Amino acid sequence: MLYIAIGIYTIAMTLANLSVAAFGPAVSPINAFLFIGLDLALRDWLHVRLKLWQMGALIASSGALTYLLNPASGKIAVASACAFTLAALVDWVVFTKMQGSWFSRANKSNVAGAAVDSLVFPTIAFGVLMPGIVLLQFAAKIAGGFIWAYLADRLLRSSAHQNKQQESTLPI
């Protein structure tokens with residue numbers, strides 16, 4: 001499951017980049033909801049499963065991979081790598097400092113990561129501050145992150161429940 005999550009995490013970023021390169025800023029809010037919201041929630045899911053250095057290496061390598069897989073789109077790839085890496089680091093710091101349930105921590109850190117990503121990406125990618133796109137992306141990332149975090153939380157709870165049931169049925 002861990003390797004699948006890492007793969008989905010990386011694929012979501014690549015698909016988001018390719019679609020922005022193909023369709024321009026108009027597709028950004030859709031990407032923000034579907035792909036970046038997923039990325040924010042998956043990142044938090046991975047936070048509780050990876051060691052500190054592994055999470056740092058994943059953030060750095062995914063940022064670099066974002067550029068390497070999409071260099072033909074120039075500014076889009078650079079903007080994505082910068083925004084992705086900065087947002088991941090902010091999300092990571094906020095997530096690790098927060099207390100409470102995984103779901104609560106994930107949503108709080110998603111707000112911080114979404115704010116950074118929403119400001120940095122379109123400003124670098126399109127060379128100008130676009131307040132409308134920034135606000136739409138931010139709202140879409142928060143909504144998408146909430147939905148994906150909810151689904152991940154359900155998966156975590158279901159998995160924990162199944163593990164407890166299996167443990168209780170093991171012969172002693």
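Remember, predicted model here, so these are calculated numbers, not experimental data.
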Closest non-hydrogen atom pair between [X] and [Y], with its separation:
{"X": "Ala87", "Y": "Val116", "answer": "N-CG1, 3.8 Å"}
{"X": "Arg105", "Y": "Gln99", "answer": "CG-O, 3.8 Å"}
{"X": "Gly145", "Y": "Ala41", "answer": "O-CB, 4.1 Å"}
{"X": "Ala5", "Y": "Leu46", "answer": "CB-CD2, 4.0 Å"}
{"X": "Val94", "Y": "Ala112", "answer": "CG2-CB, 3.8 Å"}

I would like to know whether Val134 and Phe121 meet side-chain contact (heavy atoms from CB on, under 4.5 Å); could you show each step before the answer? CA-CA 9 Å; Val134 169; Phe121 176 75; over 6 Å; no
Aromatic plane relationship, Phe95 with His47 - under 30° parallel, 30 to 60° tilted, over 60° perpendicular: parallel
Any side-chain heavy atom of Asp117 within less than 4.5 Å of one from Lys141? yes
Could you tell me whether the side chain of Ile147 reaches within less than 4.5 Å of the side chain of Phe33, counting heavy atoms only? yes
Considering residues at least two apart in sequence or located in another chain, which fulfil the ring-ring contact (aromatic ring centres under 6.0 Å, His included) criterion with Phe126? none
Which residue, Ile8, Leu2, Ile4, forms the side chain to side chain contact (heavy atoms under 4.5 Å, CB included) with Ile6? Leu2
Connecting only ILVMFWY residues whose side-chain heavy atoms lie within less than 4.5 Å of each other, what is the rest of Val111's hydrophobic cluster? Phe138, Ile142
Check: Leu119 main-chain N/O paired with Thr123 side-chain donor or acceptor under 3.5 Å: yes
Return the [atom1] to [atom2] distance between [X] and [Y], rounded to the nearest 0.5 Å.
{"X": "Ser101", "Y": "Asp153", "atom1": "OG", "atom2": "CG", "value": "6.5 Å"}
{"X": "Leu89", "Y": "Phe84", "atom1": "CG", "atom2": "CZ", "value": "9.5 Å"}
{"X": "Trp45", "Y": "Leu151", "atom1": "CH2", "atom2": "CG", "value": "13.5 Å"}
{"X": "Met130", "Y": "Gln137", "atom1": "CE", "atom2": "CD", "value": "9.0 Å"}
{"X": "Ile11", "Y": "Asp39", "atom1": "CD1", "atom2": "CG", "value": "12.5 Å"}
{"X": "Phe35", "Y": "Tyr9", "atom1": "CZ", "atom2": "OH", "value": "15.5 Å"}

What residues form a side chain to side chain donor-acceptor pair (under 3.5 Å) with Asp91, not counting sequence neighbours? Arg43, Ser109
Check whether Val48 and Leu38 end up in the same hydrophobic cluster, where Ile, Leu, Val, Met, Phe, Trp and Tyr are linked by side-chain heavy atoms less than 4.5 Å apart. yes
Please tell me whether Tyr3 and Trp53 are part of a single hydrophobic cluster in this structure, the criterion being side-chain heavy atoms less than 4.5 Å apart. no
Yes or no on side-chain contact (heavy atoms from CB on, under 4.5 Å) for Trp148 and Leu42, after CA distance, side-chain angles and deciding distance? CA-CA 8 Å; Trp148 286 113; Leu42 264 179; over 6 Å; no
One pair to check against side-chain contact (heavy atoms from CB on, under 4.5 Å): Ile30 and Leu34. What are the steps and the verdict? CA-CA 6 Å; Ile30 296 165; Leu34 291 176; 4.0 Å; yes
side-chain contact (heavy atoms from CB on, under 4.5 Å) between Leu52 and Thr96, intermediate numbers included: CA-CA 10 Å; Leu52 182 65; Thr96 57; 5.6 Å; no
What do you reckon, are the aromatic ring centroids of Phe146 and Phe103 less than 6.0 Å apart? yes
